[in-house]
Amino acid sequence: MLGWLWAAGLVLSSGCASAPQGQAWLEVRTAHFDLHTDLLEPAALDMARALEEARAGLITVAWKGAPDPRGRTEVAVFAREGRFRDYVQRDQTEGLAHSQVGSERLIVTYWSDERPAGLPPVVVHEIAHDLAYWFTPLQPPWYSEGMASFLEGLEYDRATQRVIMGGIPEPIVKVLRSVGRKASSTEGLFVAPSALHDDELTTSRFYFTSWLLVHYLINHHGQPFIQFQRDLSKLRDWREAWSSSFPRLGPHQLDAGLEQYLDGGRFEYLAAQVQVPTFSPRVRTLSPAEGYGLSSWMAHRLGAEELSAQDRDRALALDPHELNALRTRYHGLSGKGQAAERQSVARQLVQAHPNSGEAWLLLASAGASEQERRGALDQAQRRMPDHPGVVELLATRALEARDSAAALGHTELLIRRTALAPWITALHLRALATNGRCDDARHFAGSAGASYSKDCSIRKQGHAVACLAYLEELVREACEQMPPAQVPAIN
């Protein structure tokens, strides 16, 4: 029964010892993660191992048998909460993920002696998001947060390599204590455009009800829920997928079922053996200049611009060619008349860091000539072929060259590795249309466009056009120009 677990909380137990405070930055690279932390090396290595264990456990339980997702994820773990708050000033936030077009996903959190030893649940939550968007690029907010909240309850036993799922994560316990047992209406859940609301209580109810709904569907409507997820993975509109999988399960029936589930619903834990991939982490201590550069770049991405500028200048005073400090400077040169300065910084980067894919990527974006940009993109692709920024430029280049098959391959990877901004959606629509897949393009335009807010607009010929209208017009124009082709549908 659910009731007796209300006071419990499951965490991913990795055996980390108490963390030290404020050491030099370490870089730890594993099979799928780039970890930066000021923990001491033993704790940093244990944290890196726990990241890989969490990823393997999530895939085993939620997506067993599926091809392994491509790409890497960046993670930053601060040894002290105070340092974390210099970058993330939101109250009550223990961690967050930053998704930006053209960049790998960044997960940021901090160590806390008040939490049980192990990987912070917020990190498991964000890894679950990362994986879920690979398998299901288009998700309604309730499914996105419900699944991630459900999956963050992962418990892994390193000694037996066994994973258990299905309990109640600690954040859900906090919500239960603060808002009581009654869930919000699922009808309100289904129409909500976002998980976040101005009112903190409303946001808490949204997360709780989303988690409860997913927990309930897994335990009481398992097969239809599996079919629903399969339809989502085919980029089908979630409302159509719901009607097909749950033809007799509307909001009123769901509300009644959830209320009964809270009062005494029975559920089963999911358990499985996990095969964690063997890897040898690469550890490097950053120099003071690199530490300031890393801090500057993270602060820039997280919106702490004053700190970013301060640490950028400190890094460049120690090393005028420091990689991340120059990346920060490059992205600060966003004005219309600063193209020459951006080119100068990008060329300085590739000259000082010829083995850095990130440096070559900036030159591929800023180069003065097509030849320079093309050569730089080839260098960037060689070093980081799955990087969202590289894949976006490859897709654009393939479309310009009318290589429709290559363009579609790139955009199908891109929509799984980056935020679905309108121009990313537009790239995929163009690739579908040039392959003659106009029905798929129309379908994707509607499904993706429905996820944008009512205020979303794109400038076209000096006028603001609603995102959904823009995407539908793009498909119409592209498909009028292209003859149909026999290409397999999305699977």
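In what follows, every heavy atom counts, from backbone to side chain, and hydrogens, waters and symmetry copies are set aside. Being a predicted model, the structure only gives us computed values, none of them experimental.
A salt bridge does not link Arg49 with Glu52: none of the charged nitrogens is closer than 4.0 Å to a carboxylate oxygen. We find that Glu372 and Arg347 are joined by a salt bridge, their nearest charged nitrogen and carboxylate oxygen being less than 4.0 Å apart. Note on Asp157 versus Arg162: no salt bridge recorded, every NZ/NE/NH1/NH2 to OD/OE distance being 4.0 Å or above. The pair Glu74-Arg301 meets the salt-bridge criterion, with a side-chain N (NZ, NE, NH1 or NH2) lying under 4.0 Å from an Asp/Glu carboxylate O. A salt bridge is absent between Arg383 and Glu358: the closest approach of a Lys/Arg side-chain nitrogen to an acidic carboxylate oxygen does not fall below 4.0 angstrom. A salt bridge is absent between Arg282 and Glu27; no separation between the charged side-chain nitrogens and carboxylate oxygens falls under 4.0 Å. A salt bridge links Asp68 and Arg55; the closest N-O separation between the charged side-chain nitrogens and carboxylate oxygens is under 4.0 Å. Classification of Glu104 and Arg72 as a salt-bridged pair fails, no side-chain N sitting under 4.0 Å from a carboxylate O. The existence of a salt bridge linking Glu81 and Arg85 is confirmed by a sub-4.0 Å separation between a basic side-chain nitrogen and an acidic carboxylate oxygen.
To the nearest 0.5 Å, atoms CG (Leu294) and CZ (Arg327) are separated by 9.5 Å. Here the CG atom belonging to Leu131 is positioned 5.0 Å from the CD1 atom belonging to Ile59, to the nearest 0.5 angstrom. Note: Leu394 CG to Thr411 OG1 = 11.5 Å, rounded to the nearest 0.5 Å. For the atom pair CG (Leu349) and CG (Leu323), the distance works out to 6.0 Å, reported to the nearest 0.5 Å. Note that CH2 of Trp423 is 12.0 Å distant from CG of Leu471, once rounded to the nearest 0.5 Å. Between the CG atom in Leu474 and the CG atom in Leu429 there is a gap of 6.0 Å [rounded to 0.5 Å].
Taking both residues in full, the closest heavy atoms of His387 and Gly102 are given as CE1-O, 3.0 Å, listed atom of the first, atom of the second, then distance. Gly293 and Ala315 make their closest contact through N-CB, 3.5 Å (heavy atoms, listed as atom of the first residue, atom of the second, distance). Here the shortest heavy-atom pairing between Leu286 and Gly291 reads CB-N, 4.2 Å. Heavy-atom minimum distance, Ala366 versus Tyr330: CB-OH, 3.4 Å. Pairing each heavy atom of Leu119 with each of Ala50, the nearest pair is CD2-O, 3.8 Å. The two residues Gly335 and Arg342 come nearest to each other via the heavy atoms O-NH1, 3.3 Å.
The side chain to side chain contact (heavy atoms under 4.5 Å, CB included) with Val28 is formed by just one residue from the set Leu45, Val75, Leu51; it is Leu45. Partner of Phe150 under the ring pair (Phe, Tyr, Trp, His ring centres under 6.0 Å) criterion, chosen from His215, His129, His125: His215.
Under the 3.5 Å distance criterion, the side-chain polar atoms of Gln100 are left unmatched by any main-chain donor or acceptor of Arg105. Proximity of a side-chain donor or acceptor of Gln348 to a complementary backbone N or O of Ser344 within less than 3.5 Å is not detected. Judged purely by atom type and a 3.5 angstrom limit, Arg373 uses its side chain to pair as donor or acceptor with the backbone of Gly367. The closest donor-acceptor contact from the side chain of Asp403 to the backbone of Leu399 lies at 3.5 Å or more, if one exists at all. A donor-acceptor pair under 3.5 Å is formed between the side chain of Thr37 and the backbone N or O of Val77. With hydrogens and angles disregarded, a donor-acceptor distance shorter than 3.5 Å links the side chain of Ser210 to the backbone of Phe206. Panel note: side chain Ser308, backbone Ser296; a donor-acceptor pair is recorded below 3.5 Å. Side-chain N or O atoms of Glu322 include none that pairs as donor or acceptor with a backbone N or O of Asp319 at under 3.5 Å. No side-chain donor-acceptor contact under 3.5 Å links His428 to the backbone of Leu414. Using modelled atom types, one side-chain atom of Thr328 and one backbone atom of Asn324 make a donor-acceptor pair closer than 3.5 Å.
Two residues are said to be in side-chain contact when any heavy atoms from C-beta on lie closer than 4.5 Å; Leu316 and Arg329 meet this criterion. Taking the side chain as every heavy atom from C-beta outward, Val163 and Glu155 never approach each other to under 4.5 Å. Between Leu58 and Met165 the shortest side-chain heavy-atom distance falls below 4.5 Å. Side-chain contact between Phe135 and Arg416: absent, with no pair of heavy atoms (C-beta onward) separated by less than 4.5 Å. In this structure, the side chains of Pro67 and Trp134 stay at 4.5 Å or more apart for every pair of heavy atoms. Side-chain contact between Pro388 and Ser103 is absent, with no heavy-atom pair separated by less than 4.5 Å. Looking at Glu53 and Val274, their side chains never come closer than 4.5 Å, going by heavy atoms from C-beta outward. The shortest side-chain heavy-atom distance between Val101 and Ile424 falls under the 4.5 Å cut-off.
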### Message
Applying side chain to side chain contact (heavy atoms under 4.5 Å, CB included) to Val108 and Tyr87, what does each step give before you reach the verdict?
### Response
CA-CA 9 Å; Val108 185; Tyr87 300 79; 5.7 Å; no
Report the C-alpha distance between Phe444 and Leu138 in whole Å, list the side-chain angles of each, state the deciding distance to 0.1 Å, and finish with yes or no for side chain to side chain contact (heavy atoms under 4.5 Å, CB included). CA-CA 9 Å; Phe444 187 75; Leu138 295 176; 3.7 Å; yes
Stepwise side chain to side chain contact (heavy atoms under 4.5 Å, CB included) test for Val391 and Arg417:
CA-CA 9 Å; Val391 178; Arg417 287 298 305 155; over 6 Å; no
task = Could you go through the side chain to side chain contact (heavy atoms under 4.5 Å, CB included) check for Lys460 and Glu473 one step at a time?
result = CA-CA 11 Å; Lys460 183 178 180 181; Glu473 183 179 356; 2.9 Å; yes
side-chain hydrogen bond (donor to acceptor under 3.5 Å, both in side chains) between Gln229 and Tyr143, intermediate numbers included: CA-CA 10 Å; Gln229 294 177 86; Tyr143 175 85; 2.9 Å; yes
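Two rings, from Trp238 and Trp142, have their centers less than 6.0 Å apart. No close placement of the Trp297 and Tyr292 rings is indicated, their centers lying 6.0 Å or farther apart. Between Phe84 and Tyr110, a ring centre-to-centre spacing shorter than 6.0 Å is recorded.
Checking Ser99 against Tyr133 by side-chain atom types alone, no donor-acceptor pair falls below 3.5 Å. Between Gln371 and Arg374, the side chains place no donor N or O within less than 3.5 Å of an acceptor N or O (distance only, hydrogens not considered). Residues Ser457 and Tyr470 bring no donor and acceptor atom of their side chains to less than 3.5 Å of each other.
Among residues two or more places apart in sequence or in another chain, the ring-ring contact (aromatic ring centres under 6.0 Å, His included) test is passed with Trp360 by none. For Ala317, there are no side-chain contact (heavy atoms from CB on, under 4.5 Å) partners at least two apart in sequence or on another chain.
Enclosure of atom CD in Glu306 is not indicated, since only 12 or fewer non-hydrogen atoms of other residues, nucleotides or ligands lie within 6.0 angstrom.
The salt bridge (Lys or Arg N to Asp or Glu O under 4.0 Å) pairs that include a residue from residues 386-398 are Arg70-Asp386, Asp378-Arg397, where partners are two or more places apart or lie in different chains.
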